[in-house]
Amino acid sequence: MILTVYYFLLFTILGIILMVGLFFYLLFRKVIMNHYSKKTTAYYNFVFPHIIRYIAGEQFWDGFGAVRSNREKKIIVEIIMQIIDKIKSKEKIVRIHQLVELLKVDVELSMQLEHRTWWEVAEAINIIGKLKLRKFIPVIKLKLYTASTLDIFMASARALCRMGETETIIRFLIERDGYIHNKVLLQLGNIINRSTVYEKQENSLIIEHLNNVSIELQEIFIDILGKRKVTDAISILQELVKNEKSEIRLKALRSLGEIGILINDKYILNFLNSENWIEKVISIYVIEKCRILHAGQVLLHKCLADQNWWVRVRAAEALYSFGFMGIESLRWASTHHNDQYARDMASKILQERELNGV
Amino acid sequence: MKRYALSDYKELKSSQQTPPISIIVPAYNEENTIADSLLSTLSLDYPEYEVIVVNDGSEDSTLDKIMETFHLQELKLPIRYQIPTKRIRGIYRSLQYPHLVVIDKENGGKADALNVGINVSQFPYFCGVDADSVLERDSLLKTVQPFVDGNEDIVACGGIVRIANGSRIENGRVVEINLPKNPIVLHQIVEYLRSFLMGRLGFSGINSLLIISGAFGVFRKKEVIEIGGYHSGTVGEDMELVINLQKYLYNIKSSAKVIFLPNPICWTEAPDNLRILYRQRTRWHLGLLECIIRHRDTLFNPKYKTMGLVAMPYFFIVELLGPTVELVGTLVMMIGLYLGIVNIPFALLFILFTFVYGIFLSMSAVLLEELSFRKYTRVKEFLILIFISIVESFWYRQLNAFWRTYAFFLYFRKQYSWGNMERKGLHSRSL
């Protein structure tokens, strides 16, 4: 009993000491952070117009050369990163890079790239990518191939894509095909698809290797071809629509829909008889996007009355997209179709589209 | 935290993997808050989503308020009744906001309203949001990030709920975060921090999260439909759904997870008087009791691994029975002291220890908040929260323990329902 009392006393005293210590630590930390936060906000408001005027070519502020503190440099870099994506002019980008060099940020970044902790390296790569510092491209390409952590690898991939080097990523994917985790592949595919700057030879490279890579990589490449609306890929995609693997067929169908052009629509219409509802839905998407108007009757009499909700929805939407004839078909279906579900769906799409003035 | 700082969740806006989401907002007598809340929900930063408001037979002018604010038109639309629900009286869509759908139905409770929303939704994921809540603009993007980027299969994800009282909200957005002046709300702020930043984060880490707040949580629709949706016969439908979901995942030996993320934020209005707070807390405790009873087969059941052996026993012993044990213990100690059968130094020391322990937990929550998100930036606010975390142990905890014990009597007398949660609205004012 006495021992228990002493234990309670001990834990209580320790608890009180810990709490008092925590309290003072937090209070002190908060005061310091608030002080620096005010200074940061004040400096941000002060330097922002100078940066804008400099980038616009209106004025060069002498104060840039006098910036020494890391905090002030960091604020300037943050401001630049906020606005650089909105700048299209090459001249302005050059001025931004001159400012970065004047502040010796590029020197600090190159040192940070050799840091021993992964988050410092990844942060440096992120900044380089956002600032589009192309002189670091060879270093980042090396990081892509030799990255010790996934974070550095993904940061390198993002940075290269931001700087228009998607071909490097594509070559990397081809070389390392079969060794990359599917989740990573998907993320890389997203990164490539987000890039708006790419060369035509990249598309040729993808088409050249499309049939020689793994299924997972093939799916990524098919997505890219569709997103980029590569008309050169239409014939190969139409062949892939007959592939034995369902995932490849679906991806190829979707990409054809995104491109919006078909050479031969016979195989597409066959999918409307598929047992797989997803294939039906995507083939309806292709019919809509490629404006295969003669599929209208099949959509109206068969797909609109399909057992699957999504097939009915997409069929009705596709018919509506065909313009006057499609809309009239839907109006007829909403009152005269044999199938109750078809009548309901036609009525639903008509009401929704007319409400939105579409 | 480092990885989070480096990741750019905004990239999800243009990712093909980012799933479209149906946001379901059940509303019952929410005429004061519905417009502000919907404004914030309709202007979320997310590539594709729809907002489904389910007016659950409100007796006030909730539906009129929505119709007037958002220019609704009634449509006759077919619905897939994947989950049985009460009758739907009307479906409306907005002229101004094409992604807003309003369902008017017979009163059936929050669970029934959510099930209607699930039936009407067209997307594979849904997010249940309370009608008095305001979501931060990027909260959906942050919540969906683990679904898209993560290595694990995620079935449901909850975000943190913070108290909006005292903060300035304009056009459905929280523009300035302040502490309220009302002491009852201040206590709840500390309580929410403790619950979300410590409790839920901890359980999520061991894959035993048993509750995702009804105010804000994203779910994959397929599994929810498989388990029959929300259960209408309980006042704790949010916890019931998650426990049911977890059980289902264990039963089918799925590796899918239910997780909690502390960074996506939902702001909600907390009760500012004891009467409403009492109703809320008794309802929560009743909900917990109903869930434990309904899912008692998971208790100490090794089939359900950490959920059955850790989480459920914790909720049963600590959350459900704990307040009553505390109350009874306090009474017994006082009787013992009066009768002179308790060792006074030991008793005083024990009481001191329990107070210190309680204060330590609350202060730790304030610490975590200060170390991580720092939403309350002023020194004065920090000092107030520390003060409240000390004062809380002297009256607020005991009051809650009393209410939660009383909830047992209400259960056995079958006197429970949602009650009238009076809302004042999320507009700028000091409390």
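Proteins come first, then strands; the chains are lettered A, B, ... in the order of their sequence lines, and each starts at number 1.
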Legend entry - Proximity breakdown for A:N190 and chain B, heavy-atom pairs closer than 4.5 Å: side chain
Inset, instruction - Tell me, for B:I359 versus chain A, whether the close heavy atoms (under 4.5 Å) come from the side chain, the backbone, both or neither. - result: both
Inset, instruction - Examine B:Y49 together with B:F123 and report whether their ring centres are nearer than 6.0 Å. - result: no
Legend entry - Pick from A:V31, A:D223, A:L18, A:N193 with the largest number of heavy-atom pairs that fall under 4.5 Å of chain B: A:D223
Legend entry - Qualifying residue, where the test is side-chain hydrogen bond (donor to acceptor under 3.5 Å, both in side chains) with B:S362 and the options are B:R397, B:R194, B:H187: B:R194
Inset, instruction - Could you have a look at B:Q96, B:R378, B:R80 and say which one has the most heavy-atom pairs with chain A under 4.5 angstrom? - result: B:R80
Inset, instruction - Determine the option with the most heavy-atom pairs under 4.5 angstrom with chain B, choosing from A:L22, A:N182, A:V313. - result: A:L22
Legend entry - Under 4.5 Å from any heavy atom of chain A - which part of B:I386: side chain
Legend entry - Salt bridge flag under 4.0 Å for residues B:E74 and B:R89: no
Legend entry - Between A:L27, A:L186, A:I349, A:V184, the one whose heavy-atom pairs under 4.5 Å with chain B are most numerous: A:L27
Legend entry - A:E258 bridged to A:K227 by N-O distance under 4.0 Å: yes
Inset, instruction - Check each atom of B:Q122 against the heavy atoms of chain A and say whether the ones under 4.5 Å are side chain, backbone, both or neither. - result: both
Legend entry - A:R314 to A:Y285 six-membered ring, cation-pi geometry met (6.0 Å, 45°): no
Inset, instruction - Could you look at B:R374 and say if it's the side chain, the backbone, both or neither that has a heavy atom under 4.5 Å from chain A? - result: side chain
Legend entry - Ionic contact status for A:D85 with A:K132, cut-off 4.0 Å: yes
Inset, instruction - Determine the option with the most heavy-atom pairs under 4.5 angstrom with chain B, choosing from A:K30, A:R29, A:K348. - result: A:K30
Inset, instruction - State yes or no: are the ring centers of B:F382 and B:Y376 separated by less than 6.0 Å? - result: no
